[in-house]
Number of protein chains: 2
Amino acid sequence: MYRIGELAKVCEVKTDTLRFYEKHGLLAPSSRTESGYRIYTQTDADRLRFILRAKAVGFTLAEISELLSIELDKANWACADVKGLVDDKLSHVEQKIAELERFRRSLSSLSQACCGGPESAEHCSILEALETNCDQIRCENHRHDAKQTHKQ
Amino acid sequence: MYRIGELAKVCEVKTDTLRFYEKHGLLAPSSRTESGYRIYTQTDADRLRFILRAKAVGFTLAEISELLSIELDKANWACADVKGLVDDKLSHVEQKIAELERFRRSLSSLSQACCGGPESAEHCSILEALETNCDQIRCENHRHDAKQTHKQ
DNA sequence: CTTGACCTTAGATTTAACTCTAAGGTTTAT
DNA sequence: ATAAACCTTAGAGTTAAATCTAAGGTCAAG
């Protein structure tokens, strides 16, 4: 049995976060004291740790809600459902990594092109690259390309 | 000379975006027609392309503001200043990639552990991993660790 | 019996970068 | 001369996940 501050401390989150999770249907305390204080059981704490682990692998709170509803009704779900969620997330993460890798390569090549010295920036290769359509900058990165190109 | 819709079209952004950039001090049209329509010059268009290239390498609009103020006053800045901005961004991007790589590894190992079949999720390895403190989930990822650990 | 730590609520604020809405004025083509 | 396409403004909404504020109630220690 924990009060909100105690559970927050053992799980290293803020009390605000626990209230936020409650408001969003992820984690409600099993009961309240007469005066209205939240009382969390060990089961509640386990559920919180489930949430935090899911966050640690990159799931959003909305996705965690899905996972939790499966978790509470396992018998009516298949492994395929769970693996589907994981694989969707995985491909999303991989896409994001690819975008950041493009950033990294561009930035790294910009950085290498610049002397980085105390010289005036008047002939700085970085600025020149940003002024020009150059191959140091990979531009295949319009995030919501389809939407962008379509309407507008 | 472009009106807002024309510039938007050639640069593949929305008119909303151009107004937004103006409101935030990144790009103002050089003049207006009598009736108040924005008129952008070629110089304005070049500036917009500078902004879009900077976005394409991952800079935020706030960072792009900095770059632009350097760009407009190059003589009073050193290469070191410009390279500093790029290198800061680079290390930030690398940190973000590292976090996503942790997500990717965790998700991938969760995915591999699960049969993904039509079997009931009652013994799903993914759910079991999320229920337990297991090594498939790399938890060294508290984003703003210092802050988190400090107060609260 | 009061101080300080803890708890309650509702609601506002934060961040980033747009995106959308409403209500209306302007230009261009037919 | 009128319809379509374009433009104007101010301001609200979106997303995610908290974080903060104000105003106040509860509880244990000294």
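Chain A is the first sequence line, chain B the second, and so forth, proteins listed ahead of strands; every chain is numbered from 1.
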**Student:** Nearest-Å distance, CG (A:D16) to C1' (C:dC7)?
**Tutor:**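 Rounding to the nearest Å, CG of A:D16 and C1' of C:dC7 are 12 Å apart.
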
**Student:** Using a 3.5 Å distance criterion without hydrogens, assess whether the side chain of A:H24 forms a donor-acceptor pair with backbone atoms of A:F20.
**Tutor:**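 Indeed, once roles are kept as given, a pair shorter than 3.5 Å links the two residues.
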
**Student:** What is the distance, to the nearest angstrom, from the CD1 atom on B:I64 to the C1' atom on C:dA16?
**Tutor:**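 About 12 Å, once rounded to whole Å.
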
**Student:** If you compare every side-chain N and O of B:S35 against the phosphate oxygens of D:dT8 (OP1, OP2), does one of them come in below 4.0 Å?
**Tutor:**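 Checking B:S35 against D:dT8: no side-chain N or O falls below 4.0 Å of OP1 or OP2.
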
**Student:** Between B:E6 and A:T60, which is nearer to the 5' end of DNA chain D once each is assigned its nearest nucleotide?
**Tutor:**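 Closest to the 5' end, via its nearest nucleotide, is B:E6.
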
**Student:** Strictly below 4.0 Å, N to O, side chains only: are A:K74 and B:E119 in salt-bridge contact?
**Tutor:**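 Judged by the 4.0 Å cut-off on N to carboxylate O distance, A:K74 and B:E119 do not form a salt bridge.
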
**Student:** Assess, by modelled atom type and distance only, whether the side chains of B:T41 and B:D44 contain a donor and an acceptor separated by less than 3.5 Å.
**Tutor:**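 Yes - a donor-acceptor pair under 3.5 Å links their side chains.
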
**Student:** For C:dA5 and A:K9 - does any side-chain N or O of the residue sit under 4.0 Å from the phosphate oxygens OP1/OP2?
**Tutor:**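 So the side-chain polar atoms of A:K9 never come under 4.0 Å of the phosphate oxygens OP1 or OP2 of C:dA5.
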
**Student:** For A:E6 and A:Y40, does a side-chain donor sit closer than 3.5 Å to a side-chain acceptor?
**Tutor:**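 No, because no side-chain N or O of A:E6 sits under 3.5 Å from a partner of the opposite role on A:Y40.
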
**Student:** Would you mind reading off the distance between A:R3 atom CZ and C:dC7 atom P, rounded to a whole angstrom?
**Tutor:**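 Taking CZ of A:R3 and P of C:dC7, I get 5 Å after rounding.
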
**Student:** What nucleotide among D:dA17, C:dC20, C:dT8 has an atom nearest to a side-chain atom of B:K14?
**Tutor:**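 Looking only at side-chain atoms, B:K14 lies closest to C:dC20.
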
**Student:** Closer than 4.0 Å, any side-chain N/O of B:Y21 to the OP1 or OP2 of C:dA17?
**Tutor:**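 Answer is no, no contact under 4.0 Å.
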
**Student:** On the nucleotide D:dG11, are OP1 or OP2 found under 4.0 Å from the side-chain N or O atoms that B:R19 carries?
**Tutor:**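 No, because none of the side-chain N or O atoms of B:R19 sits under 4.0 Å from OP1 or OP2 of D:dG11.
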
**Student:** Could you tell me whether the side chains of A:S108 and A:Q112 share a donor-acceptor contact shorter than 3.5 Å?
**Tutor:**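 A:S108 vs A:Q112: donor-acceptor pair found between side chains.
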
**Student:** Run the salt-bridge test on A:R105 and A:E99 with the 4.0 Å N-O cut-off and return the result as yes or no.
**Tutor:**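 No.
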
**Student:** Which whole-number value in Å describes the distance from B:L18 CG to C:dC20 C1'?
**Tutor:**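 About 16 Å, once rounded to whole Å.
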
**Student:** Which nucleotide in the set C:dT8, D:dT9, C:dA17 lies at the smallest distance from any side-chain heavy atom of B:R38?
**Tutor:**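 Minimum distance to the B:R38 side chain belongs to D:dT9.
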
**Student:** With a 4.0 Å limit, can you tell me whether B:Y37 has a side-chain N or O closer than that to the phosphate oxygens OP1/OP2 of C:dG25?
**Tutor:**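 Negative; the distance criterion is not met.
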
**Student:** Could you check how far CD1 of A:I51 sits from P of D:dA17, rounded to whole Å?
**Tutor:**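 Going from CD1 in A:I51 over to P in D:dA17 covers 12 Å.
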
**Student:** Is there a side-chain contact between A:S65 and A:L26 in this structure, where contact means two heavy atoms from C-beta onward sitting under 4.5 Å apart?
**Tutor:**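 In contact.
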
**Student:** Give me the residues of residues 22-30 of chain B where at least one heavy atom lies under 4.0 Å from an atom of DNA chain D, by number, or none.
**Tutor:**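 Result for residues 22-30 of chain B: none.
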
**Student:** Send over the distance from B:I4 CD1 to C:dT27 P, rounded to a whole Å.
**Tutor:**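 Those two atoms, CD1 and P, are 15 Å apart.
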
**Student:** Would you kindly give the OH-to-P distance between A:Y40 and C:dC6, to the nearest whole Å?
**Tutor:**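 Computing the A:Y40:OH to C:dC6:P distance gives 16 Å.
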
**Student:** Would you kindly give the CZ-to-C1' distance between B:F59 and C:dA17, to the nearest whole Å?
**Tutor:**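 Value for this atom pair: 17 Å.
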
